[in-house]
Protein chains: 2
Amino acid sequence: MVRLKDVAQAAGVSASTVSRALSNPELISEATRARVLAAADRLGYRHHPAARALVTGRTGLLAFSVPTLANPFFAPIIAGAQEAAEEAGYELIVAVTDSSPERETALFDRLADRVDGFAAAGPRSPASQLARFARSLPLVTLNRRVRGVDSVIIDTPDGVGRLGTHLAGLGHRKIAYLGGPTGSWLDPRRLRRLREAVPDCAILPLGPFPPEFEAGARTVETVLDAGCTAVIAYNSTLLLGLLHRLTMLGLSTPEDLSLACADDLSAAGLAMPDVTALHVPAAEAGRRTVEHVLSLVASESRSAAHQLLPVELLTRASTGRPRELPMSGG
Amino acid sequence: MVRLKDVAQAAGVSASTVSRALSNPELISEATRARVLAAADRLGYRHHPAARALVTGRTGLLAFSVPTLANPFFAPIIAGAQEAAEEAGYELIVAVTDSSPERETALFDRLADRVDGFAAAGPRSPASQLARFARSLPLVTLNRRVRGVDSVIIDTPDGVGRLGTHLAGLGHRKIAYLGGPTGSWLDPRRLRRLREAVPDCAILPLGPFPPEFEAGARTVETVLDAGCTAVIAYNSTLLLGLLHRLTMLGLSTPEDLSLACADDLSAAGLAMPDVTALHVPAAEAGRRTVEHVLSLVASESRSAAHQLLPVELLTRASTGRPRELPMSGG
DNA sequence: TTGAAAGCGCTACCAC
DNA sequence: GTGGTAGCGCTTTCAA
């Protein structure tokens, strides 16, 4: 193993100088810096992370928790997060909580003195717990807002509202909303914004559902029997199941039922060009979350800042005018 | 922060004794051990990972690389891996390579002196590279076998062979195989085993395909035009697209086309009870891979051992007799 | 069975 | 701008 003192010897300077040349170049003359860098390069010197961590108190590690990886929604989030971490010279510890508050808490606990900061996507722990945790370590939540904790929110509630407006504009008056899994912080907010956006539409909230194909497939009859002419699904997997069952029944979209989805299918290789959906900036959200954590790490400030990321409405062929317009009041 | 010496003081012993009581209890008398543990517990003592790593050379960290997280196939693998790591007191750094050999190599490089061992699912790097890397650090590959590198293989080639036998037994004589992504090590092996299993069947290999819905959907016409009566798809996402398009065309399964899939749909919430598929022990594979890495870490031996995990054939309603039996030679 | 002391590789303070 | 030195928290000889 090549140590600092080996480089120092090779470059004819002291270990302190090498350390500075590598970590605080501005404190060093241009000439010696170049000489040191050349020597380090030649010997193949690498920092010893543990030694550095011991003295600086920084590990160079970040934790990122997600409720599950089975929902491919999180794939681009993690990819974006990893990219941002890498650019800053950090590594990412990805931890799956399985949507369990207990597991999440245990995780916080185990990782607290192993990492410099923590990002939590869709955390399920009680707000008080999260706030307490944020006091001990830089923490940023993604898609959940908690008093006293910095957050990044992808504004799907706004998007769902716009989906509602879009559908109402097409003439729909009864819309089903297929809710997400129990514990989702965003889900009730989406529903509320939907109702606010289309006060003259009847909204049929169904669920909670696990974001699974089968669950989507099973709702078709309910939705049709209730006289809904359009559906907004919590996520793409639900929608896919619904669409499949619909097709099996010989029905078609949008003639028999307009279909829209509150997240983007493309992340999972499930891109379907014809489905009206919200395009969610997932990779960007992962990136922002990590960058936000890093800014907390750097500044040691607890700013309680919140970021809201807009979503894009992709209007496509799966939504159209309902077959028979219900009578409109006069 | 509570340090070793704080506990020592509280327990009325030396720091060395505390260290031993915590890490090598067998070297310590029962009485003092109990006293030390009580004190440590009372003060809420936690190891300082960096300090420990500095002296022992062990970080308590493991790396697990995957080509992508967009394919939910990897979700249970990582869940299983994380579970095994946690049980052994390790944390897992999950790294996404995006199926890029360069990124993978860069990753190995960056992480080599940060972790105690490395697990690589479906690595894309050249064999020589992987072998070289295995010489410098405990490495286990999952679903790729490389000379000189320990591995865990989920035996989907065998499973695909059995799928072929199953289809041939139903009377199919022309079977399409929808291949996976470029660079997959398993894909050509599955195809080969399929051919070996049903030498009297014509096999139409299609692909390579990205494991995406659209790609599956686009193959339907090709498959039917070629006169195939059955399809085996590399993965569930492809199959889903194919099934959807088939249904859209008013065709049904298995009457018009028998459908089978080389991986399990359930991981992604895409479980479809009616599809003949291979049940893949993904979580088990993740767990085994990590356990294998840990055994290398512990023993410092390079045993070059290989594990083969069997898959289960789930015969269900999506496969049946072909509509018209082709004439059989006499 | 226990304690004292050295030192892992690095950074940061204090001199010069 | 550079070098010497102390010390981060822990494990691990070596002595007792």
Side-chain angles (χ1 to χ4, degrees), chain A residues 1-40 43-61 89-91 112-116 297-298 300, chain B residues 1-40 43-61 89-91 112-116 297-298 300:
Chain A
M1 164 182 248
V2 185
R3 286 146 311 168
L4 219 43
K5 67 152 75 159
D6 300 322
V7 179
Q9 201 156 21
V13 294
S14 74
S16 334
T17 301
V18 178
S19 173
R20 278 187 286 250
L22 263 28
S23 310
N24 295 81
E26 70 278 9
L27 300 179
I28 286 282
S29 83
E30 180 59 36
T32 47
R33 196 177 71 91
R35 200 147 37 88
V36 168
L37 259 45
L43 299 183
Y45 173 78
R46 320 270 318 247
H47 275 300
H48 188 121
R52 172 175 254 199
L54 182 56
V55 52
T56 62
R58 296 272 173 84
T59 61
L61 257 32
Y90 277 77
E91 299 304 329
D113 43 358
R114 267 200 160 295
V115 301
D116 297 339
V297 171
E300 290 299 333
Chain B
M1 163 183 248
V2 185
R3 284 147 313 166
L4 220 43
K5 67 150 77 158
D6 300 323
V7 179
Q9 201 157 22
V13 294
S14 74
S16 336
T17 300
V18 177
S19 172
R20 279 187 283 251
L22 263 28
S23 308
N24 295 82
E26 70 278 9
L27 300 179
I28 286 281
S29 81
E30 181 58 37
T32 46
R33 197 177 71 91
R35 198 146 39 88
V36 167
L37 259 45
L43 299 183
Y45 173 78
R46 321 271 317 247
H47 275 301
H48 187 123
R52 171 175 255 198
L54 182 57
V55 52
T56 61
R58 296 273 174 84
T59 61
L61 256 32
Y90 276 77
E91 298 305 329
D113 44 356
R114 267 199 160 294
V115 301
D116 296 340
V297 170
E300 288 300 331

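Here is how names work: the chains are called A, B, and so on, in the same order as the sequence lines, proteins then strands, and each is numbered from 1.
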- B:Leu22/B:Leu37 under side-chain contact (heavy atoms from CB on, under 4.5 Å): CA gap, chis, key distance, verdict: CA-CA 7 Å; B:Leu22 263 28; B:Leu37 259 45; 3.6 Å; yes
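- Every residue meeting the side chain to side chain contact (heavy atoms under 4.5 Å, CB included) condition with B:Arg20, not counting sequence neighbours, appears here in chain and number order: B:Ser16, B:Thr17, B:Leu27, B:Ile28.
- Direction change of the helix axis from one end of the helix from C:dT1-D:dA16 to C:dC16-D:dG1 to the other is 30°, with five pairs defining each end axis (rounded to 10°).
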- Does the side-chain contact (heavy atoms from CB on, under 4.5 Å) test come out yes or no for A:His48 and B:Asp113, once each step is laid out? CA-CA 7 Å; A:His48 188 121; B:Asp113 44 356; over 6 Å; no
- Note on the structure: Scoring nucleotides 11-16 of chain C by protein non-hydrogen atoms under 4.0 Å (B base, S sugar-phosphate only, - none) yields BBB---
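- B:Leu54 comes within 4.0 angstrom of a base, heavy atoms only.
- Partner of A:Arg58 under the side-chain contact (heavy atoms from CB on, under 4.5 Å) criterion, chosen from A:Leu61, A:Val55, A:Thr56: A:Thr56.
- Scanning all heavy atoms of the two residues, the minimum distance from A:Val36 to A:Val13 falls at CG2-CG2, 3.9 Å.
- The NE2-C1' distance, from A:His48 to C:dC8, rounds to 8 Å in whole Å.
- Shown here for A:Tyr45 and A:Val2, the closest heavy-atom pair between the two residues is CD1-O, 3.3 Å.
- Applying the salt bridge (charged side-chain N to carboxylate O under 4.0 Å, His left out) criterion to A:Arg3, with sequence neighbours excluded, gives A:Asp6.
- The two residues B:Ala8 and B:Ala15 have their closest heavy-atom pair at CB-N, 3.6 Å.
- Mapping B:Arg35 and A:Lys5 onto DNA chain C by nearest heavy atom places B:Arg35 closer to the 5' end of the strand.
- Counting all heavy atoms, side chain and backbone alike, A:Ser19 lies closest to A:Leu4 at CB-CD2, 3.9 Å.
- Applying the side-chain hydrogen bond (donor to acceptor under 3.5 Å, both in side chains) test to B:Thr32 and every residue at least two apart in sequence or in another chain returns B:Ser29.
- C:dC10 atom P lies 18 Å from atom CZ of A:Arg58, rounded to whole Å.
- Of all nucleotides in DNA chain D, those with any atom nearer than 4.0 Å to a heavy atom of chain B start and finish, going 5' to 3', at D:dG9 to D:dT13.
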